[in-house]
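For reference, the structure discussed in these notes is given below.
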There are 2 protein chains.
Amino acid sequence: MDSVKPKRTLVEETYNILIDAICSGELPPGERLNQDEIAAKLNVSRQPVNSAISILKANGLVEDTGRRSVVVCSFDSGLFRSIFEYRMVIEPFAVRLAGRNLAVADRQQADKVLRAGDKAFKSGKLSDLLQADMQFHEMIYGWSCNHVIQASMKTNWHHIRRSMAEVLRGPDAVLQIWDEHSEIVDCLFKRDTEKASQVMEHHINGAYEAIAEAISAPEKSS
Amino acid sequence: MDSVKPKRTLVEETYNILIDAICSGELPPGERLNQDEIAAKLNVSRQPVNSAISILKANGLVEDTGRRSVVVCSFDSGLFRSIFEYRMVIEPFAVRLAGRNLAVADRQQADKVLRAGDKAFKSGKLSDLLQADMQFHEMIYGWSCNHVIQASMKTNWHHIRRSMAEVLRGPDAVLQIWDEHSEIVDCLFKRDTEKASQVMEHHINGAYEAIAEAISAPEKSS
DNA sequence: CTCTCGTATTTCGTATACGAAATGCAAAAT
DNA sequence: ATTTTGCATTTCGTATACGAAATACGAGAG
């Protein structure tokens, strides 16, 4: 007999819904969060909404204006640069750790994730590709067995998703980055950790340039 | 005329007090957090306490037991390893970034922090030394101008403080690490960023070994 | 005496209530 | 017409209320 479902609280539910709305762009930067409104929309009282917003505030997704409302943080291009600067170091490092802990790496899991990525790539839907991309990288973080990397990147992916939501409004810049994923996995399982790490560094660098271009250039097309 | 003080909410106050109590060891791992009790002690209602605990939960400082109470997370030695594994890469990186942004680096600030460290070192109080150590490293994070590094390390220092609170109960293991700090600053301002980064890597490695020893060995003395 | 179960008490999550500050608006003043 | 000012309304933070689930505890069965 299995233990009963660990009931989620309304605070957690509300938090997840809000963070999703922010990262998907449904709540754009600068948008004011009205507690009554949100509470009504989610069919809960204002209290869980208030708590959820406190968490968002502590995590830097929203900021209060000093007045009586909190707003979704503006998307800072400096933050974007920080994230990729950071990933350029952390992602190759995660690969090296994964190489050391190869016992925890699961080839079947890798194949599944890679297949999902191929499918998303062929479908051409950038949002699907983003989802698959995130899953691939989170798999690597898991293999690294380093909880700090996992936690910090979880936060970062929120911001990445948020910035990508902006990109998605622009022309569909197809990112030609998927094939490097399978190369990384191959190198890892061939025990060539150093090569895998190098490919990852190149991969992040390429992703940054592609996205930075898509972000800075969209005005040209409109 | 200056603008009025931005009043802190009771939720924030409560959160800060709780996180401080956890990191100082006043609330040891496994301790149950009773909302009524905390509310009474802080002279607030249960509501801000409840919200503050939600934030702690989201940030992994406390966990709920599935029952009716949340407890302070047990201190995982794996997490400790993760943090120093991570710092071994991130701290030298932060130094390299600081070297590039040397314009923001403030020699006077550095001297002040270094002097405070010397004083704490001579006083022999490990808690003061820890405080000064944290300030030194946070100065470097600031110079790196990378917000992701700052944010992730802020969380990590909570855990470091928490683990050090354990160490402090044991024999006073004096950590002979302070002089490396001034060496790092010197190299930086001499524009020898690479050397500074290397010293930082060595520094973190030394700190890890010293602390790991102090943590694993305290039983011997009791 | 030990175990089991029913009941009282504690404790939490959430809803509602309430006061204070911010905002909107319209009438009065220039 | 534009600005100022006082009042009504909105909105938030916090306190209190309430029901449900967890725990403690004692009485009865074995």
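Here the structure is a predicted model, which means the values were calculated and not measured. Note on naming: letters A, B, ... go to the chains in the order of the sequence lines (proteins, then strands), and numbering restarts at 1 for each one.
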Length of the CG-P vector between A:Leu10 and D:dA21, whole Å: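 Distance, rounded to whole Å: 13 Å.
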Could you check how far CG of A:Asn34 sits from C1' of D:dT10, rounded to whole Å? 9 Å
First and last nucleotide of DNA chain C in contact with chain B, 5' to 3', at under 4.0 Å to a heavy atom: what are they?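 Nucleotide range with atoms under 4.0 Å of chain B: C:dT10 to C:dT14.
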Can you confirm whether A:Arg8 is buried at CZ, in the sense that more than 12 heavy atoms of other residues, nucleotides or ligands lie under 6.0 Å from that atom?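 Counting neighbours around CZ of A:Arg8, 12 or fewer heavy atoms of other residues, nucleotides or ligands fall under 6.0 Å, so no.
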Decide if atom NE2 of B:His147 counts as having more than 12 heavy atoms of other residues, nucleotides or ligands within a radius under 6.0 Å. no
Need one value for A:Arg68: base, sugar-phosphate or nothing, where a base atom within 4.0 Å counts as base even if backbone is also close, heavy atoms only. base
Take the angle between the ring planes of A:His203 and A:His137 and call it parallel below 30°, perpendicular above 60°, tilted in between. parallel
Output yes when A:Arg161 and A:Asp20 qualify as a salt bridge under the 4.0 Å nitrogen-oxygen rule, no when they do not. yes
Any salt bridge between A:Asp111 and A:Arg115, counting N to O under 4.0 Å? no
Among A:Val70, A:Leu18, A:Ile22, find the residue that satisfies the side-chain contact (heavy atoms from CB on, under 4.5 Å) test when tested with A:Leu61.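 Filter result, single survivor: A:Ile22.
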Close side-chain approach of B:Thr9 to B:Thr14, heavy-atom, < 4.5 Å: no
Residues from residues 47-56 of chain B sitting under 4.0 Å of DNA chain D, heavy atoms only? B:Gln47, B:Pro48
With nearest nucleotide decided by heavy atoms, which residue, A:Thr65 or B:Arg32, maps closer to the 5′ end of DNA chain C?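 That would be B:Arg32.
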Nearest nucleotide by nearest heavy atom, which residue falls closer to the 5' end of DNA chain C, A:Arg67 or A:Val11?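 Closer to the 5' end of DNA chain C: A:Val11.
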In terms of side-chain heavy atoms, does A:Glu91 have a donor or acceptor partner in A:Tyr86 at a distance below 3.5 Å?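 Judged by distance alone, the side chains do not pair up.
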